[in-house]
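Each chain gets a letter, A, B and so on, in the order the sequences are listed, and its residues count up from 1. Keep in mind that what you see is a predicted model, and the values were worked out from it rather than measured.
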Amino acid sequence: MSIKNNKSKRSIDGTITNIFHYKNHSPLSRPLLGNEVPAGFPSPAQDYIEENLDLNEYLIAHPSATYFVKVEGYSMIDAGIYPEDILIVDRAVEPSHKKIVIAIVDGELTVKRLYNKSGKWFLTPENPEFEPLEITRDINFHIWGVVIYSIHKMR
Amino acid sequence: MAKNTVALVDCNSFYASCEKVFNPHLANKPVGILSNNDGIIVALSDELKQLGISRGNAAFKIDKRLIREHGIKLFSSNYTLYGDMSARVMNTLSMFTPDLEIYSIDEAFLSLTGFEHLNLTDYGRQIKRTVRQHTGLPVSVGIGSTKTLAKIASRFAKKHNFAEGVFDISDHPDKDKILRWVEVEHIWGVGRQYAKMLRRNGITNAYELTQVPDNWLQKKMTIVGLRLVKELRGISCVDLEMDIKPKKEIVSSKSFGSTVTELQDLLEATSDYCSVAVKKLRSENQVASLIIVFLSTNRFKNEPQYANYAKARLPLPSGYTPDFIRAANRILKKIYRPGYKYKKVGVMLADIVHQSKAPLDFFQPTYLDDHRKIIMDCMDDINEKMGSHRIAYASAGIKKPWQMRRKNLTPSYTTSWEHIPVVKAI
């Protein structure tokens, strides 16, 4: 599994930085270093074990605002987003120029890069075979959330 | 006396709004949520209300033409989704206050005492905006010096467009005018009987109620009523309840999807409900020693009627599901009468105590210190990690033909990998 960070360098993060108490169940945590040996000489490393690595902690900043969605279609492959990939969507992050977003266009959830060009906003695909869509007044459009990671299974 | 400030945050048309978050086609469409077995409408969006439909309407009675013309969508209740979205809302709200009382699945009281230096209406707007952004759900925010006033403010915020979903009653120059707008039936804590009694005595709205002398109130509505009126007058009498009280009883019961006549089906359903109830018991670190089983026919149908219940006491409090299934099956065999069409069976656990307070026994091991607890903990662990019905009781049946109908159930968008929403990259 590879984890890609789609965060744009220039963008500013959301305004919400704190979420108090959240109980994190992480069934997939792995120990950082070796464990205690059952018998005999204790591992010299055991004093150095600090904690398990927790993917949730690494990937999810705002648990209550984070959702997972599955991708269908090829229009974002140059951004490293392929069919069947699972996207991590953080709704607490403010959408801005160059962020990859989940948008609602005419009642459908779609993934595209949000782009601002001389005052006009576009939903741009990352595949030359697809056309960008200018966001005009007569399009029923909302931003649903901002994509922060893509989970891609190696095949 | 120190000034209190409380906000009530209330999700608008919560169940219908949850469905709309994951199904954007439904925006601005009339949406209704059906009860267990898809019988009646239990929740509905504003758009559906405007078509003259209200809570409690039978789904089959809605005009088919109306459904077609307005694109009305009716869904089975998806409690997995609503529960998860509720937790997200509550978590988001906890950013805004150290003291939060979760009042129901879609409402919470937030203590804003000490926040008065802020513009509280602005703070309310910020709460509303943040919940909307993080969860996609619309909420109303009512602010007042007591919980009862916050409730009224929230109702006002919902009913008046100019408030844009946020209203601080303390900030209003003419509080009495707002209270006059609230009819007695709509005051939090005034039941139908009290409302009738008040109207008989010429009291029609919240303002008039605040003008009634205390001794009359206490005589007619007990101390509870007096407390309520004091709250209306701005004197805080009902504190926020931050701790979740342990349950005194646990009930698990559902109506069947179709009528059930055979004992075997009833035994399966009872075993199934037992396992749900006892799992809940364990999740709160409790044990129980009394089990009650009840069953009934459909009293709305013109058929031979029968209803009965019986109870059994375990020798010692337990959290071991098979102890309860065995007892429940024994009870059921005793109260079952052949020849009836049953609509419902249920189990109730009572005499519940915390595990640490369970009595010990000189002659036999208690649930806590023998293999039964180890087995249960192990089973709960496996089911938590691998899916809630990975290990289940054979006595609860496999096919479960008696199970309730949920024909229009939407996916568990947020709690199951197979059900997460699909986004189009086309």
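His134(B) approaches Tyr67(A) most closely through the heavy-atom pair O-OH, 3.1 Å. Listed here is the closest heavy atom pair of Ala425(B) and Val71(A): CB-CG1, 4.0 Å. For the pair Gln133(B) and Val93(A), the tightest heavy-atom approach, listed with the atom from each and the gap, is NE2-O, 3.7 Å. Taking each heavy atom of Ile420(B) and Val69(A) in turn, the nearest pair found is CD1-C, 3.7 Å. Closest approach of Lys424(B) and Glu108(A) over heavy atoms only: NZ-OE1, 3.2 Å.
The number of heavy-atom neighbours closer than 6.0 Å to CZ of Arg137(A), taken from other residues, nucleotides and ligands shown, is 12 or below. Atom OH of Tyr74(A) has 12 or fewer neighbouring heavy atoms from other residues, nucleotides or ligands inside a 6.0 Å radius. Other residues, nucleotides and ligands contribute only 12 or fewer heavy atoms inside 6.0 Å of the CG atom of Asn161(B). More than 12 heavy atoms of other shown residues, nucleotides or ligands fall within 6.0 angstrom of atom NZ in Lys49(B). Atom NZ of Lys20(B) sits in a crowded spot, with more than 12 heavy atoms from other residues, nucleotides or ligands closer than 6.0 Å. Surrounding NE2 of His354(B) are more than 12 heavy atoms belonging to other residues, nucleotides or ligands, all under 6.0 Å away. Atom CZ of Phe141(A) has more than 12 heavy atoms from other residues, nucleotides or ligands within 6.0 Å. Within a 6.0 Å sphere centred on CD of Glu164(B), heavy atoms belonging to other residues, nucleotides or ligands number 12 at most.
Looking only at distances, a side-chain donor or acceptor of Lys112(A) sits under 3.5 Å from a matching main-chain atom of Ile426(B). Using modelled atom types, one side-chain atom of Trp144(A) and one backbone atom of Val21(B) make a donor-acceptor pair closer than 3.5 Å.
In this structure, the separation between NZ on Lys70(A) and CD on Glu418(B) is 8.0 Å, given to the nearest 0.5 Å. Of the inter-residue distances, the one linking Met95(B) atom CE with His62(A) atom NE2 reads 7.5 Å to the nearest 0.5 angstrom.
Residue Asp90(A) does not touch chain B at all, counting heavy-atom pairs closer than 4.5 Å. Heavy-atom distances place the side chain of Met85(B), and not its backbone, under 4.5 Å from chain A. Neither the backbone nor the side chain of Ile77(A) comes within less than 4.5 Å of any heavy atom in chain B. Only the side chain of Thr414(B) comes within contact range of chain A, with heavy atoms under 4.5 Å apart. Proximity to chain B involves both the backbone and the side chain of Phe68(A), based on heavy atoms less than 4.5 angstrom apart.
In this structure the side chain of Asn91(B) never reaches within 4.5 angstrom of the side chain of Pro63(A), judged on heavy atoms. Taking 4.5 Å as the limit, some side-chain heavy atom of Pro24(B) sits within range of a side-chain heavy atom of Leu109(A).
Contact count versus chain B (heavy atoms, under 4.5 Å) is highest, among Ala103(A), Gly73(A), Pro83(A), Gly107(A), for Gly107(A).
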